[in-house]
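All remarks here apply to the structure that follows.
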Amino acid sequence: MTLSMKDEILKRFLFANGEPLSGQYLAEQLGISRTAIWKHLQTLQEEGYTFDTIKKKGYILTAKPDKVDPARITSFLATKRFGQSIHYLEECTSTQTIAHELARQGAVDGTIVIAETQTAGKGRMARPWESTEGKGIWMTVIIKPDVLPHQAPQFTLVAAVAIVNAMKSLYTNFTPYIKWPNDILIKGRKCTGILTEMIAEMDRVQALLIGIGINVNQQLAEFPEELQTIATSVSIEEGLSIDRAQLVAAILNNLERYSDQYIHEGFAPIKTLWEEASGTIGKQIKATTLREVIEGKAIGITDSGVLEIKLANGEIKNVYSADIEIK
């Protein structure tokens, strides 16, 4: 990927793992002057990075702010496409809105838009999403799979599997689970929402915009009062401060892998992984759709990702979109 010169310098310090790097070495590596290196280091220090100078050896990165900037994310990435183009913003209205514009302008597959805070973050059904500055992951991934429009909703389930398994690979003190179709919960409280939107023609998808909002480092008192009984964060459940950039990269690594698996093998392997991580299947639920309220037992999802609910009389209803309450 193409990083800015400042981010290229930062990335080298991140990979150096506390070893000193000299201005001369950096200048030769990057083809710029030592003065330019010094100016970029000054900018990084203004952004909260701290460097110590070791005589005759160079600079050591001694402290870094908790940012989700491109250099931090790419230092953990192991992808070919996803996250190779990163649009990073300190603040925006909504990453989803910016991703719409970029997708229409021809953004490449796997481009991400990520912000430290959103002033108008949104969830499903245009609901507002609380985007605390510097505490969560607020991002949209633009993907361009060769699929038909009716397959687009399945990518919400692909994303849910990617996020749950990223969390399981990094953290040991909790088990996240999926609440159909687009929430991830821990101990009954919501920590993640997924919003999938589509740009399409009649017979082909031009781009899918997968919006991901994760409460990462908030503590309970930082949530609005009305959310304190229903929301949680990764930090609360793991019991320590979380490196947000590492979690972003783990999600992108998984999302690329599972998206490719879906394209090559179909929905069946994703469905299996989704059902393993589901907190909905087997539970008595109430599903509120635009037209009706359905109560019964969630027995599974179909091969197209539609929720199946068995009613008290034995009838099975298929639910395509609903708000789910687990009884």
Side-chain angles (χ1 to χ4, degrees), residues 1-7 47 67-74 77 79-156 158-160 162-163 181-182 192-214 216 244-245 247-249 251-252 255-256 259-260 262-263 321:
M1 79 176 287
T2 306
L3 291 173
S4 70
M5 188 57 70
K6 179 192 72 176
D7 282 332
E47 293 175 2
K67 299 265 191 183
V68 283
D69 54 34
R72 295 287 295 281
I73 293 169
T74 55
L77 264 188
T79 60
K80 290 189 174 74
R81 306 183 315 282
F82 285 35
Q84 296 302 314
S85 174
I86 298 175
H87 294 258
Y88 168 72
L89 302 142
E90 288 284 347
E91 178 181 297
C92 69
T93 51
S94 161
T95 61
Q96 206 78 349
T97 304
I98 293 167
H100 263 281
E101 294 170 13
L102 291 171
R104 292 188 184 282
Q105 292 164 11
V108 297
D109 183 35
T111 295
I112 76 164
V113 181
I114 190 162
E116 295 293 347
T117 185
Q118 301 177 109
T119 56
K122 59 180 180 176
R124 277 176 73 236
M125 303 179 188
R127 293 172 179 143
W129 181 274
E130 185 74 28
S131 307
T132 316
E133 182 172 1
K135 296 287 185 177
I137 291 170
W138 325 120
M139 75 172 173
T140 300
V141 186
I142 302 170
I143 66 173
K144 297 188 166 183
D146 184 12
V147 296
L148 299 171
H150 76 268
Q151 294 172 281
Q154 295 177 343
F155 278 85
T156 298
V158 173
I163 295 164
N182 70 320
T192 303
I194 304 163
L195 174 64
T196 302
E197 295 179 319
M198 173 173 61
I199 300 172
E201 297 166 0
M202 284 291 287
D203 59 348
R204 66 180 283 269
V205 169
Q206 291 175 311
L208 295 177
L209 312 175
I210 301 180
I212 298 170
I214 306 177
V216 182
R244 292 181 297 140
L247 178 53
V248 169
I251 291 166
L252 293 172
L255 191 55
E256 181 175 278
S259 296
D260 288 351
Y262 174 96
I263 296 300
S321 178

Sub-4.5 Å side-chain heavy-atom contact between [X] and [Y]:
X	Y	result
Glu116	Arg244	yes
Pro145	Tyr262	no
Asp260	Arg81	yes
Gln96	Leu195	yes
Val147	Gln154	no
Tyr88	Val68	yes
Glu197	Thr140	no
Trp138	Ile214	no

Looking only at non-hydrogen atoms, find the nearest pair between [X] and [Y] and report the distance.
X	Y	result
Thr74	Leu3	OG1-CD1, 4.1 Å
Ile143	Ser259	CD1-OG, 4.3 Å
Ala107	Ile142	CB-CD1, 3.9 Å
Ser85	Val108	CB-CG2, 4.1 Å
Arg72	Lys67	NH1-N, 3.6 Å
Thr192	Ile163	CG2-CD1, 4.1 Å

Pairing of Lys6 and Asp69 as salt bridge, 4.0 angstrom limit
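Asp69 and Lys6: not salt-bridged.
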Could you go through Val141 and Ile251, starting from their C-alpha distance and side-chain angles, then the distance that decides it, and tell me whether this counts as side chain to side chain contact (heavy atoms under 4.5 Å, CB included)?
CA-CA 11 Å; Val141 186; Ile251 291 166; over 6 Å; no
What residues form a side chain to side chain contact (heavy atoms under 4.5 Å, CB included) with Ala115, not counting sequence neighbours?
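Expected list: Leu89, Cys92, Thr95.
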Could you measure the distance from the [atom1] atom of [X] to the [atom2] atom of [Y]? Nearest 0.5 Å is fine.
X	Y	atom1	atom2	answer
His87	Glu101	NE2	CD	11.0 Å
Phe155	Ile194	CZ	CD1	13.0 Å
Thr79	Ile112	OG1	CD1	9.5 Å
Ile86	Leu252	CD1	CG	7.5 Å
Thr97	Leu102	OG1	CG	11.0 Å

Atom pairs and distances, side-chain donor-acceptor, residues 198-213, under 3.5 Å, sequence neighbours left out:
from: Glu201; atom 1: OE2; to: Gln206; atom 2: NE2; distance (Å): 3.1

